[in-house]
Amino acid sequence: MIAKYAGIAPKGDLIVLLKLAEKLHKRSFLHVNSTREGGGVAEILQRMIPILQSLGVDARWEVIEGDPTFYEITKKIHNALQGNPETITREMWEHHFEVNKANAERINLGADAVLIHDPQPGPLVEFRTGGTWIWRCHIDISNPSKQVSKALGRYADKYDGMIFSVAKFAQALPIDKFIIPPSIDPLSEKNRELTGEEINEAVERLNIPGDRPIILQVSRFDRFKDPVGVIRAYRMVKKYNDCVLVLAGSPATDDPEGAAVLEEVKEFAAGDKDVHILLLPPFSDRDINALQRVADVVLQKSLKEGFGLTVAEAMWKGKPVIGGFVGGIPLQIVHGVNGFLVNSVEGTAFRIRQLLNHRELAARMGQKAREYVRTNFLITRQVRDYLAVWYALENKGKSVFVL
Ligand code: UDP
């Protein structure tokens with residue numbers, strides 16, 4: 001399987017990856033998160049587990065289960081870590097812990113390395129029996145609620161290491177910390193090359209008009225993704241450039257706020273027939289791929305963003321992305337080189353018009369965008385980094401780091 005990435009992923013990444021996989025051959029590697037579909041974490045795990053298995057690592061993916069109250073609490077925790085004022089009561093923390101306790105009884109947590117994704121399953125560490133435990137934070141904690149990060153800190157201390165996507169998210173903790181940005185799989189249905197026919201079929205079925213430029217944002221319906229700000233920017237552009245706006249999203253099972261945000265967005269769009277709000281079913285990967293390829297301008301106007309896989313996805317398709325100057329987006333967009341970073345609705349509208357009115361500039365930036373993703377954000381690099389962290393933690397203090 002890994003041979004398929006030769007000629008696509010950087011050769012150095014593949015060589016180190018194969019060496020590490022040899023060292024960790026037949027060892028067990030468990031990943032735990034809170035949803036099998038929707039959002040970036042599930043997106044990566046769906047692709048990464050088979051790659052790890054094909055490398056001879058005994059990889060497994062488990063999903064914790066909870067009642068609706070649990071997901072309401074974990075969404076509040078998520079929002080508070082991303083800087084929103086939220087009150088999380090002692091009862092809520094207890095419920096968070098109890099649901100994890102029940103999951104620890106249900107899930108086999110025995111593995112040589114256990115990688116826990118995000119705060120939802122964080123307390124599972126209380127039930128660790130052995131192996132190397134690593135907590136992976138995917139969200140934007142540049143300005144977290146002190147109360148919530150302190151409350152989670154008591155779990156963090158029990159891990160062997162923590163992984164953040166962006167250096168400025170790293171917290172002062174007495175455990176080893178690593179910076180590993182997420183990645184996309186160039187061979188997945190979401191990112192593979194599509195034929196013209198495949199693109200046309202999808203775009204026609206989704207009723208997207210082909211006679212005017214298309215502005216696209218693909219995101220869960222979440223206020224941190226600022227869908228209303230996107231509509232505002234589109235309205236400013238529309239006065240000068242006739243265009244259509246596509247907002248594509250799908251529900252995540254661990255996000256109870258999605259339906260309410262979708263309603264807000266629909267209301268704000270106020271029946272504008274050139275605003276296409278698409279509620280796609282889970283695993284609409286080829287449709288998203290087609291939309292990203294057919295779009296003239298791709299936005300990710302987030303107000304907070306752990307990384308923003310949608311940015312790398314569109315860049316890989318040769319699009320210069322206009323993204324919010326937050327979280328992991330500036331890691332991907334080099335402003336003015338392979339895309340634009342924005343801080344406001346007005347700035348977004350200005351950059352949309354710049355790209356629509358200067359097609360050669362957009363094409364040049366798009367080429368650079370693809371190359372930037374190829375060098376930095378392909379899944380082979382991320383698998384390499386995860387194995388390296390596991391190997392490093394397991395061999396801490398020994399001078400074995402010779403590949
Ligand atoms: N996504 C999808 N369908 C949708 C909306 C999003 O498949 O309707 C995918 C998107 O292509 C990306 C992931 O979900 O791969 C979202 O990851 P990102 O890091 O952008 O944001 P998150 O949802 O994790 O905050």
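Just follow the structure's listing: the first ligand is 1, and inside any ligand the first atom is 1. Note that this is a predicted model, so its numbers are computed, not measured.
By the 3.5 Å distance cut-off applied to N or O atoms, Lys225 is counted among the residues near ligand 1. Considering backbone and side-chain N/O atoms, Gln292 never comes within less than 3.5 Å of an N/O atom of ligand 1. Polar contact with ligand 1: present for Gly40 (N/O pair, distance under 3.5 Å).
Both tests pass for Arg235 against the ring of Phe268: distance under 6.0 Å to the centre and angle within 45° of the axis.
Side chains of Val326 and Leu303 form no contact here, defined as non-hydrogen atoms less than 4.5 Å apart. Phe164 is listed as a side-chain neighbour of Cys137, based on a closest heavy-atom distance under 4.5 Å.
Using a 4.0 Å cut-off between charged side-chain N and carboxylate O, Lys319 and Glu313 make no salt bridge.
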Name the atoms and distances for all side-chain donor-acceptor pairs under 3.5 Å in residues 1-13, with sequence neighbours left out.
| residue | atom | partner | partner atom | Å |
| --- | --- | --- | --- | --- |
| Tyr5 | OH | Asp185 | OD1 | 3.0 |
| Tyr5 | OH | Asp185 | OD2 | 3.0 |
| Asp13 | OD1 | Arg384 | NH1 | 2.9 |

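In terms of the salt bridge (Lys or Arg N to Asp or Glu O under 4.0 Å) criterion, Glu346 has no residue partners (sequence neighbours excluded).
When heavy-atom distances to ligand 1 are checked against a 4.0 Å cut-off, Ile288 comes that close only through its side chain, counted from C-beta outward.
Comparing Gly39, Gly249, Ala314 by heavy-atom distance to atom 14 (O) of ligand 1, the nearest is Gly39.
For ligand 1, the atoms sitting less than 4.0 Å from at least one non-hydrogen atom of Val218 are 5 (C), 6 (C), numbered in the order shown with element in parentheses. Within ligand 1, the atoms closer than 4.0 Å to a non-hydrogen atom of Lys190 are 2 (C), 7 (O), 9 (C), 10 (C), 11 (O), 15 (O), numbered from 1 in the order shown. Per-residue contacts place Arg220 under 4.0 angstrom from the following atoms of ligand 1 (heavy atoms of the residue considered): 22 (P), 23 (O), 25 (O). In summary, the atoms of ligand 1 found under 4.0 Å from a heavy atom of Gly308, numbered by their order in the structure, are 19 (O), 20 (O). Every atom of ligand 1 with a heavy atom of Glu313 under 4.0 Å away is listed here by number and element: 10 (C), 11 (O), 12 (C), 15 (O).
Side-chain contact of Arg128 with Tyr159: a donor-acceptor pair under 3.5 Å is absent, judged by distance alone.
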